[in-house]
Amino acid sequence: MFVARRFMTSSVQPVRVAVTGAAGQIGYALLPRIAAGEMLGPNQPVILHLLERDDPKALAALEGVVMELQDCAFPLLRGVVATSDINKAFDSVDYALLVGAKPRGPGMERADVLKDNAAIFKVQGRALNESAKKSVKVCVVGNPANTNAMIAAANAPNIPATNFTSMMRLDHDRAMAQIALKLGASSVADVEKLVVWGNHSATQYPDLSNAVIKGKSVAKNVDQEWVRNTFIPTVQQRGAAIIKARGVSSAASAANAAIAHVRDWVLGTNGRIVSMGIPSDGNPYGVKEGLLFGFPVTCQNGQYKIVEGLQWDEFGKGAIERTIKELQEEKDAVKHLL
Ligand SMILES: NC(=O)C1=CN([C@@H]2O[C@H](COP(=O)(O)OP(=O)(O)OC[C@H]3O[C@@H](n4cnc5c(N)ncnc54)[C@H](O)[C@@H]3O)[C@@H](O)[C@H]2O)C=CC1
Ligand SMILES: O=C(O)CCC(=O)C(=O)O
């Protein structure tokens, strides 16, 4: 299936954005926002490349999504390629949001979908290598996101490994919201210098030890009992809580986080710290190399940079060790795909 539509001309050249799993629930929440300019800015026209499984139901649903995108009459949307052909989907793309994968159900951990999903990311890494621009920026959302991003990078030798990132932003935003709720911040945006380290899983370490609200230390205004027994488990288990409540996994908040992840990477964070899953090679924190790990970063001119100099206390060191161990176990389980 191939659908392309032109609307109007502009002096700014359109960029190509691939979204996999485009007919899924995150895709449905994500695509109108990309087409509206929320991800790449209000002056940047886009051509969407939408990939779905070669399955009649999935492709019929995708056709419906394309019709709705047309019906929104987004001025920045300069074309839509809707396809189950992976090379067409990644042809000359500047950005790729790899969302399409099997979500976990109630009672499962994210690592439980590793076996089913890992193979998808080998194929997609290879196809990106063959068809995408060498400068393509990749954000992996499909779970387990960190390890999937590592697999895709390992199968795309012509694209810099640093261009493959995984989404930790939902965890970051969840943690910001919990702190703002606890301390009655007038806006979540007042919470700064928060970090979510490690894996997008129940071993992640949401770390508020450096966080501030309007310059005031968060850690000094909350007790350790709340941090360890409420804040950290709430953030770590939020995905499961949403699956339990909705019957399906988070979609609106996941799409929002994907938009924020790519927007900040491309347009910059103005000095604010955000959490991104990035290759651990050469990191200043002594995290084992060869992993895809959530780090604090700032972004400028389309590049991310790890924020240096943050400290972990003994509790933090233990948490970091656990999340490294889990990522290493995931890596060992997929070594045949690397
Ligand atoms: N990193 C994060 O913070 C989050 C990750 N997720 C993950 O995102 C993924 C997608 O979630 P939903 O959209 O809710 O799932 P969904 O099941 O609603 O949609 C997934 C879509 O991907 C498609 N798909 C599956 N394999 C594909 C392939 N090889 N190529 C192209 N399309 C393919 C399916 O046909 C389906 O339309 C899941 O793995 C989920 O666990 C979800 C929320 C947050
Ligand atoms: O939890 C899951 O497995 C799916 C959604 C997700 O990753 C999340 O909400 O954090």
Side-chain angles (χ1 to χ4, degrees), residues 18-31 49-65 82-90 96-128 139-149 151-152 165-175 196 198-204 206 234-262 275-277 292 294:
V19 177
T20 70
Q25 50 152 5
I26 296 176
Y28 193 72
L30 184 59
L31 294 169
H49 286 224
L50 311 181
L51 179 69
E52 255 303 335
R53 281 180 304 123
D54 191 10
D55 165 88
K57 263 194 171 169
L59 290 175
L62 184 60
E63 214 171 318
V65 171
T83 182
S84 58
D85 176 335
I86 195 166
N87 289 104
K88 208 180 264 180
F90 291 155
L97 282 77
L98 306 186
V99 179
K102 185 176 161 182
R104 67 174 163 155
M108 294 164 75
E109 283 301 326
R110 294 186 187 101
D112 295 335
V113 291
L114 180 60
K115 199 164 150 282
D116 289 334
N117 287 344
I120 295 175
F121 291 85
K122 179 179 172 110
V123 173
Q124 293 189 350
R126 282 186 173 169
L128 282 166
C139 169
V140 175
V141 176
N143 277 317
N146 298 46
T147 297
N148 289 338
I151 295 169
T165 65
S166 71
M167 191 169 96
M168 298 294 295
R169 186 57 174 266
L170 183 52
D171 311 295
H172 184 98
D173 289 350
R174 286 168 172 164
V196 181
N199 201 3
H200 172 66
S201 78
T203 68
Q204 65 181 264
T234 298
V235 178
Q236 288 174 329
Q237 296 295 338
R238 191 66 157 189
I242 287 165
I243 291 173
K244 191 162 174 242
R246 272 177 26 97
V248 288
S249 57
S250 41
S253 55
N256 186 62
I259 297 265
H261 175 115
V262 178
S275 306
M276 278 173 79
L292 218 304

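These numbers come from the heavy atoms of this one structure, side chains and all, not from hydrogens, waters or symmetry mates. Order of listing sets the numbers, starting from 1, for every ligand and every atom in it.
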Polar contact flag for A58 and ligand 1 (N/O pairs, less than 3.5 Å): no
Proximity to ligand 2 by part of R238, non-hydrogen separation under 4.0 Å: neither
For S250, atoms of ligand 1 separated by under 4.0 Å from a heavy atom: 43 (C)
Which of the ligand 1 atoms, numbered from 1, are nearer than 4.0 Å to a heavy atom of A23: 37 (O)
Heteroatom proximity flag, T20 to ligand 1, N/O under 3.5 Å: no
Side chain, backbone, both or neither: the part of R174 lying under 4.0 Å from ligand 2 by heavy atom: side chain
Residues which pass side-chain hydrogen bond (donor to acceptor under 3.5 Å, both in side chains) with S275, listed by chain and number, not counting sequence neighbours: H172
Contact check, side chains of V123 and I86, non-hydrogen atoms, under 4.5 Å: yes
Within reach of ligand 1, part of R169 (heavy-atom separation under 4.0 Å): neither
Side chain to side chain contact (heavy atoms under 4.5 Å, CB included) against K102, all qualifying residues, sequence neighbours excluded: D116, N117
Atoms in ligand 1 with a heavy atom of V99 nearer than 4.0 Å: 8 (O), 9 (C), 10 (C)
Any N/O pair N117/ligand 1 closer than 3.5 Å: no
Residue pair S166 / H200, side-chain donor-acceptor N/O under 3.5 Å: no
Which of the ligand 1 atoms, numbered from 1, are nearer than 4.0 Å to a heavy atom of M167: 1 (N), 2 (C), 3 (O)
Distance filter under 4.0 Å to G21 heavy atoms, resulting ligand 1 atoms: 21 (C), 22 (O), 23 (C), 31 (C), 32 (N)
Per-atom contacts of ligand 1 with A254, taking only distances under 4.0 Å to non-hydrogen atoms: 43 (C), 44 (C)
Exercise: do N199 and Q204 side chains pair donor with acceptor under 3.5 Å: no
Residue portion contacting ligand 1 (non-hydrogen atoms closer than 4.0 Å) for H200: side chain
I120 contact mode with ligand 1 (heavy-atom cut-off under 4.0 Å): side chain
4.0 Å heavy-atom contact, N143 with ligand 2: yes
Close side-chain approach of L59 and S84, heavy atoms under 4.5 Å: yes
Polar proximity ligand 1 side, I26 side, N/O cut 3.5 Å exclusive: yes
Close approach of A251 to ligand 1, heavy atoms, under 4.0 angstrom: no
Backbone or side-chain N or O of S250 under 3.5 Å from ligand 2 N or O: yes
Least distance between heavy atoms, A175 atom then V196 atom: CB-CG2, 4.4 Å
Residues S250 and R174: side-chain donor-acceptor under 3.5 angstrom: yes
Under 4.0 Å to a heavy atom of L170 - the qualifying atoms of ligand 1, by number: 3 (O), 44 (C)
Atoms in ligand 1 flagged as close to G24, the criterion being non-hydrogen separation under 4.0 Å: 18 (O), 19 (O), 21 (C), 37 (O)
Distance-minimising heavy-atom pair for V19 and L30: CG1-CD2, 4.0 Å
Per-residue contact class, S249 against ligand 1 - non-hydrogen pairs under 4.0 Å: side chain
Short side-chain to backbone donor-acceptor contact, N148 and F121, under 3.5 Å: no
